[in-house]
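Order of the sequence lines fixes the chain letters, A, B, ..., with proteins taken first and strands second; residue numbering starts at 1 for each chain. Any value given below was found using the heavy atoms of this structure, including those in side chains, with hydrogens, waters and symmetry copies removed.
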There are 2 protein chains.
Amino acid sequence: MPLSPKVPTPTLERLATYYTILSDLKSRQADTISSADIEERTGINAAQFRKDLSYFGEFGRPGVGYAIDELHARIGRILKLEKTQPVILVGAGNLGSALVGYPALRADNFRIVAAFDNNYNKIGKQLWDLTIRDITRLVEDNATLGARLAIIAVPVGAAQDVAERLVEAGIKNILNFAPVVLRLPRDVIVRNVDFVQELAVLSFHLPDPTTNP
Amino acid sequence: MPLSPKVPTPTLERLATYYTILSDLKSRQADTISSADIEERTGINAAQFRKDLSYFGEFGRPGVGYAIDELHARIGRILKLEKTQPVILVGAGNLGSALVGYPALRADNFRIVAAFDNNYNKIGKQLWDLTIRDITRLVEDNATLGARLAIIAVPVGAAQDVAERLVEAGIKNILNFAPVVLRLPRDVIVRNVDFVQELAVLSFHLPDPTTNP
DNA sequence: TAGATTGTTAATCGATTAACAATC
DNA sequence: TAGATTGTTAATCGATTAACAATC
């Protein structure tokens, strides 16, 4: 298996986008799709799409296009979405609760298998179908759970500490919702989701509040 | 006012990051900071930081650094965060609810001023301090509200329709949480937040499940 | 076969970073 | 003044896209 040398992150992000629209097309549509069709639907340049796939081998047939089912399956395999991935959630607040209840996660084979918090008023309570666990038990609990992905949905002040516990528990792939830069060993991969940052970028593009006429 | 010619999006994203850490430093720290300090705290290259600022003028003093308060204020002005921005939320589900209750939004001067939904069981009910409104009233309601930013937190199937209503209501800056590519006029700016995409990128980086020894 | 579309190379574009003269 | 650090230029790096021979 020729290990793909170095896949650009933007390629991985687009791969996830292709996967989503292929999931959508899978049953309801014709069974073949061209890179031009993909461009039509996603706005992503057709050459870009073909280049993205080329990091992982050959997927289509010249003159014909791509078999939707096969392409979907192969991208799923690349992104390791074929089997259910257990995910740990830390932070049983409003955001954490929304994430546990978020149906798209389950649809894409992610399953939140445990929720942790440091608040003694929450520990032991239910969050959907999960019993909220004590954050101090994270390391020992994950020895059993065996999750390799985690979501941080705690306030800024707690995020760094939580992240370090996660690493201690063997989790090196972290989705962080706290608006803070986590300082962690270099082999830990962190993806940040920052609502305020997103809104700030939009805010910049707002028309200038023209001074009164 | 020499209109900044073309600011790269990554620069805007980093500007929001600088803003966040400056908010943090503002009171508790010394009153001056160097680009090297910024690199230390954010992992963003010091030259990158200086270059980012250079799109907007001069901010520091050679040999000294940047006055924290002033820098914070000026970045706030660039991102138009100095006055409270009204934001409309569409989708009063779990995620929408978490967003309304999210303290960091308010801290950065965004205020969700109205929540809309299409579900008659929800319309009229309370969501925190907001009364959930009828999505079909969006255009007329925003004539009064005057929001220019909106958040879409509805299921995939409803997102395109909601987006078009928002544009009709004069809102051209949209934060979209539905995992779908919105097709809108080119002058509309959309930022997508896609949890599943983020997890998929992390999932890719998971160690290969080595076949049994 | 002729028409369509792939996979890939090469050209273009844009973003990051090193280097340094200017300046406090 | 000497030391520190900026703002900016130029070099580097990497990602996007156009073009096209290969192939169905």
Side-chain angles (χ1 to χ4, degrees), chain A residues 2 4-18 22 25 29-72 74-75 78 181 186 197 201 204, chain B residues 2 4-18 22 25 29-72 74-75 78 181 186 197 201 204:
Chain A
S4 10
K6 182 76 153 310
V7 183
T9 301
T11 290
L12 295 173
E13 294 170 347
R14 286 188 297 266
L15 240 32
T17 301
Y18 307 145
L22 290 168
L25 258 44
Q29 207 66 19
D31 44 29
T32 239
I33 195 168
S34 71
S35 59
D37 294 337
I38 294 279
E39 173 162 359
E40 174 110 3
R41 281 171 186 281
T42 62
I44 298 168
N45 179 288
Q48 179 76 269
F49 170 76
R50 299 198 300 276
K51 176 95 185 164
D52 285 340
L53 294 182
S54 75
Y55 291 101
F56 303 99
E58 310 200 344
F59 292 71
R61 298 207 316 179
V64 179
Y66 303 82
I68 290 179
D69 281 13
E70 190 208 331
L71 185 58
H72 181 265
R74 288 186 65 185
I75 295 178
I78 291 165
V181 180
R186 244 172 325 102
Q197 175 175 292
V201 173
F204 170 83
Chain B
S4 11
K6 184 77 153 311
V7 184
T9 300
T11 290
L12 295 174
E13 293 170 347
R14 287 188 295 266
L15 241 31
T17 301
Y18 307 144
L22 290 169
L25 259 43
Q29 208 68 16
D31 45 28
T32 240
I33 194 169
S34 72
S35 59
D37 295 336
I38 295 279
E39 173 163 359
E40 173 110 2
R41 282 171 186 279
T42 63
I44 298 169
N45 179 289
Q48 180 76 269
F49 170 77
R50 297 198 301 274
K51 175 94 184 165
D52 285 341
L53 293 182
S54 75
Y55 290 102
F56 303 97
E58 311 200 342
F59 292 70
R61 298 208 315 179
V64 180
Y66 302 83
I68 290 180
D69 282 12
E70 190 207 330
L71 185 57
H72 181 264
R74 288 187 65 184
I75 295 179
I78 290 165
V181 180
R186 242 170 328 102
Q197 174 174 293
V201 173
F204 170 84

If I take atom CD in residue Glu58(A) and atom P in nucleotide dT9(C), what distance separates them, rounded to the nearest angstrom? 11 Å
Secondary structure of DNA chain D in dot-bracket form (Watson-Crick or G-U wobble, distances below 3.5 Å, | marking inter-strand pairs): ..||||||||||||||||||||||
Exactly one of Asp69(A), Ile33(A), Asp37(A) should register a side chain to side chain contact (heavy atoms under 4.5 Å, CB included) with Leu25(A). Which one does? Ile33(A)
Rounding to an integer number of Å, can you tell me how far Asp37(A) CG sits from dT5(C) P? 8 Å
For nucleotides 14-20 of chain D, list the nitrogen or oxygen atoms of the protein found under 3.5 Å from its nitrogen or oxygen atoms, one pair per line.
{"residue": "dT16(D)", "atom": "OP1", "partner": "Arg14(A)", "partner atom": "NH1", "Å": "2.9"}
{"residue": "dT16(D)", "atom": "OP2", "partner": "Arg14(A)", "partner atom": "NH2", "Å": "2.9"}
{"residue": "dT16(D)", "atom": "OP2", "partner": "Gln48(A)", "partner atom": "OE1", "Å": "3.4"}
{"residue": "dT16(D)", "atom": "O5'", "partner": "Gln48(A)", "partner atom": "NE2", "Å": "3.1"}
{"residue": "dA19(D)", "atom": "N6", "partner": "Arg50(A)", "partner atom": "NH2", "Å": "3.1"}

Test side chain to side chain contact (heavy atoms under 4.5 Å, CB included) on Thr32(B) and Ile68(B) and set out the steps. CA-CA 5 Å; Thr32(B) 240; Ile68(B) 290 180; 5.7 Å; no
Rounded distance (Å) that lies between atom P of dA4(D) and atom OH of Tyr66(B): 17 Å
I'd like to know if the side chain of Thr42(B) and the backbone of Ile38(B) have a donor-acceptor N/O pair within less than 3.5 Å. yes
Those residues at least two apart in sequence (or on a different chain) that pass ring-ring contact (aromatic ring centres under 6.0 Å, His included) with Tyr66(B) are Phe49(B)
Salt bridge (charged side-chain N to carboxylate O under 4.0 Å, His left out) filter on Glu39(A), not counting sequence neighbours, yields none
May I ask you to establish whether Arg74(B) and Phe56(B) are in a cation-pi arrangement, using a distance under 6.0 Å from NZ or CZ to the six-membered ring centre and at most 45° from the ring axis? no
For nucleotides 22-24 of chain C, tabulate all protein N/O to nucleotide N/O atom pairs closer than 3.5 Å, reporting atom names and distance.
{"residue": "dC24(C)", "atom": "O3'", "partner": "Arg61(B)", "partner atom": "NH1", "Å": "3.4"}

Please report the interatomic distance CZ(Arg61(B)) to OG(Ser34(B)), rounded to the nearest 0.5 Å. 14.0 Å
Derivation of the side chain to side chain contact (heavy atoms under 4.5 Å, CB included) call for Arg41(A) and Val181(B): CA-CA 8 Å; Arg41(A) 281 171 186 281; Val181(B) 180; over 6 Å; no
Report the residues that fulfil side-chain contact (heavy atoms from CB on, under 4.5 Å) with Ala67(B), sequence neighbours left out, ordered by chain and then residue number. Glu70(B)
Ser35(A) side chain near dT6(C) phosphate (N/O to OP1/OP2, under 4.0 Å): yes
